[in-house]
Amino acid sequence: MVQKKLKKMEKLIGHKVNCAVFISGNGTNLCSILKSSRKKDFPIKVKLVISNKASANGLKYARLNNIPYKIFSSLNMKIFEKKTIKELKKNKIEFICLAGFLKILSKKFINNFKYRIINIHPSLLPKYKGLNTHFRVIKNKDKISGCTVHYVSSKLDSGKIILQKKVKVKNSDTSLSLQKRILKQEHKLYPRAIKTIFS
Ligand code: GRF
């Protein structure tokens, strides 16, 4: 139902769907989305990057690709969202990808983009919502972990799941080695999930 609506949106607009990516850190998922979006058959175009941190390393990908970006840092969420919404409107943004964005958006903001805002999380949701997922996986001696792309709802890491990828946990894994292996899979999963919801 939702997927049909999104596909219809793409067709109605007649061009790639205008997307904003929100980041706070390294932005490697932003980089993978940008790479995919160069392909003709990829349904979205990254038109704007929003960061809540001036020091976010991922901003380099926006600069390298000449994508406009805005930094709204040191602000309370109300001000952050007000400024962000203004930019989203200005750039005619229709779809949002959260990629390592560490702020919690308000219910009102999320409802305005219902089923048009998605996130990637480094665990097999509903397991390990929140932070330090890899550390908790190792501590609990889990054999399998992975990553999830999901719609964003007002409850943290709880929206409808779009796609997941399992990753085996090795006995020798540390949280860092597991994080690196899962991140590689995230870079494939995020573009796949975007294609899935528009197909
Ligand atoms: C990823 O592991 C993502 O799942 C989580 O934050 C990390 C962001 O990595 N939400 P990057 O900034 O995309 O490199």
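Just so you know, ligand 1 is whichever comes first in the structure, and atom 1 is the first atom listed for that ligand. Values reported hereafter were calculated over all heavy atoms of this structure, with side chains retained and with hydrogens, waters and symmetry mates removed.
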The side chain to side chain contact (heavy atoms under 4.5 Å, CB included) partners of T28 (sequence neighbours excluded) come to N26, Y61, L183, H187

Which residue and non-hydrogen atom of the protein lie closest to atom 9 (O) of ligand 1, and at what distance in Å? N29 ND2, 3.8 Å

Whether G27 lies under 4.0 Å from ligand 1, heavy atom: yes

Look at atom 8 (C) of ligand 1 and say which protein heavy atom is nearest, naming residue and atom and giving the distance to 0.1 Å. G100 CA, 3.6 Å

Within the 3.5 Å criterion, strictly below it, is a donor on S158 or K129 matched to an acceptor on the partner's side chain? yes

Using side-chain heavy atoms (C-beta onward) and a distance below 4.5 Å, is H134 in contact with P122? yes

Taking distance alone, with N or O pairs closer than 3.5 Å, would you say A99 contacts ligand 1? no

Determine whether the aromatic ring centres of F101 and F80 lie less than 6.0 Å apart. yes

For atom 14 (O) of ligand 1, what's the nearest protein heavy-atom neighbour? Residue, atom name and distance, please. T28 OG1, 2.4 Å

Could you check atom 5 (C) of ligand 1 against the protein and tell me its nearest heavy-atom contact, residue, atom and distance included? P122 CD, 3.8 Å

Name the one of F198, Y115, F22 that satisfies ring pair (Phe, Tyr, Trp, His ring centres under 6.0 Å) with F95? F198

With atom 10 (N) of ligand 1 as the reference point, say which of N57, L102, I120 has the nearest heavy atom. I120

Give a yes or no on this: more than 12 heavy atoms of other residues, nucleotides or ligands lie within 6.0 Å of atom CD1 of I71. yes

Ligand 1 contact on E186 by region, counting heavy-atom pairs under 4.0 Å: side chain

